[in-house]
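Step one of this worksheet: look at the structure below.
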Amino acid sequence: MSLQENIQRIRREIDAAAIAAGRRGEEITLVAATKVQSSDTIRAAIAAGITVCGENRVQEFNAHWADGAYEGAKVHFIGHLQKNKVKYLVGKVSLIESVDSVELLEVIARRAQALGVVQDILVEVNIGGETSKSGVAPEDAAELIRRADAMEGVRPRGLMTIPPASGHFLDKKRFFSEMQQLFVDIRGKTYDNRSGIDCLSMGMSGDFAEAIAFGATQVRIGTALFGARPYARANG
Ligand SMILES: *Cc1c(COP(=O)(O)O)cnc(C)c1O
């Protein structure tokens, strides 16, 4: 299947999953996970209707940005972010989805203030408690959102998660359900925030329909759009 056909098919599946959950398709943003893709592939995806690209690595983002590959779309940063690379992203990406410490938050806020912009962020939650994964513990997410809400230069928009890849599908549902509960709790707590907490980013190629059933507002999809990534370059 062509890239365009894949995009249309996945969009239809997202819309169907939304309707099955009593929601509307327009409530759900398809983020194309473009890691290891070329600038030409990114341009083709945008020409075929992709409106948001998700990038994992600052180096790849920089190269595509320099190429002008993202023209016509927004970019979300979805990978692990080191503090010394924040300067490459702030003011360019519309959302940093992977904030997992106060220190990182402070660096983002300082950079945004220096540029005179407000950077939207999500707090990444390590819902499976995996030692190999970044993200805060579920019980620490509300506090990090509260800290972000009190800072100039950043605006918290919600939560992101990557649940454990292996395991039974019932475990996956439990993780999505826990994320949904956490999201609802945090929205209730931060009713006075400047922006509104309105993003729950979860669901990938293999499980986006389930994520949508549990309230995801953004799904990040790579393989189902672009095909399998070459192993040697995939690295996540
Ligand atoms: C690669 C990646 C995705 C997409 O994964 P697929 O299984 O290829 O759809 C989603 N989120 C993050 C953070 C990723 O790194």
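Both backbone and side-chain heavy atoms feed into the values below; hydrogens, waters and symmetry mates do not.
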Please report the closest heavy-atom contact between [X] and [Y], naming both atoms and the distance.
X	Y	value
Q119	L89	OE1-O, 4.1 Å
I46	A73	CD1-CB, 3.6 Å
V154	V118	C-CG1, 4.1 Å

Can you give each donor-acceptor pair under 3.5 Å made by side-chain atoms of residues 91-99, sequence neighbours left out, with the distance rounded to 0.1 Å?
from	atom 1	to	atom 2	distance (Å)
S94	OG	V75	O	3.4
E97	OE1	S201	OG	2.7
E97	OE2	H76	ND1	2.8
S98	OG	G79	O	2.6

#### Entry: Results of salt bridge (Lys or Arg N to Asp or Glu O under 4.0 Å) for E178 - residues two or more places apart only
R174
### Task
Sequence neighbours left out, what passes salt bridge (Lys or Arg N to Asp or Glu O under 4.0 Å) with E143? Give chain and number order.
R146
Do [X] and [Y] share a hydrophobic cluster, counting only Ile, Leu, Val, Met, Phe, Trp and Tyr and linking them when any side-chain heavy atoms are less than 4.5 Å apart?
X	Y	result
M151	I197	yes
F61	F226	no
V219	L182	no
F77	L144	yes
L200	V184	no

Spatial distance of atom [atom1] ([X]) from atom [atom2] ([Y]) [nearest 0.5 Å]:
X	Y	atom1	atom2	result
E124	D100	CD	CG	6.0 Å
E71	W65	CD	CH2	10.5 Å
E60	S38	CD	OG	10.5 Å
I7	I221	CD1	CD1	11.0 Å
R43	I50	CZ	CD1	16.0 Å
E130	I162	CD	CD1	9.0 Å

### Query
So T161 and F175, side chain to side chain contact (heavy atoms under 4.5 Å, CB included) or not? Walk me through it.
CA-CA 9 Å; T161 198; F175 291 132; over 6 Å; no
Is any side-chain heavy atom of [X] closer than 4.5 Å to a side-chain heavy atom of [Y]?
X	Y	result
V125	M179	yes
M202	F214	yes
M160	R220	yes
F183	Q180	no
R157	I121	no
T34	N56	no

### Message
Just checking Q8: does its CD atom have more than 12 heavy atoms from other residues, nucleotides or ligands closer to it than 6.0 angstrom?
### Response
yes
Does [X] use its side chain to pair, donor to acceptor, with the backbone of [Y] at less than 3.5 Å?
X	Y	result
T223	S205	no
N62	Q59	no
N126	G129	yes
R23	I212	yes
E5	S2	yes

### Message
Less than 3.5 Å apart, any donor N or O on the side chain of Q181 or D185 sitting next to an acceptor on the other?
### Response
yes
## Note on the structure
Taken in chain and number order and not counting sequence neighbours, the residues that satisfy side-chain hydrogen bond (donor to acceptor under 3.5 Å, both in side chains) with Y70 are E55
Sequence neighbours left out, cut at 3.5 Å: what donor-acceptor pairs do the side chains of residues 101-111 make with other protein atoms?
from	atom 1	to	atom 2	distance (Å)
S101	OG	L104	N	3.0

#### Entry: side chain to side chain contact (heavy atoms under 4.5 Å, CB included) between S134 and L81, intermediate numbers included
CA-CA 10 Å; S134 39; L81 180 56; over 6 Å; no
Side-chain donor-acceptor pairs under 3.5 Å in residues 9-22, sequence neighbours left out?
from	atom 1	to	atom 2	distance (Å)
R9	NH2	N6	OD1	3.0
R11	NE	D15	OD1	3.3
R11	NH1	I28	O	3.0
R11	NH2	D15	OD1	2.9
R11	NH2	G25	O	2.8
R11	NH2	I28	O	3.1

### Query
Can you list the steps and then say if V123 with I186 is a side chain to side chain contact (heavy atoms under 4.5 Å, CB included)?
CA-CA 11 Å; V123 166; I186 286 174; over 6 Å; no
### Task
For the pair V90 and V117, evaluate side chain to side chain contact (heavy atoms under 4.5 Å, CB included) and give the outcome as yes or no after the intermediate values.
CA-CA 8 Å; V90 174; V117 299; 4.1 Å; yes
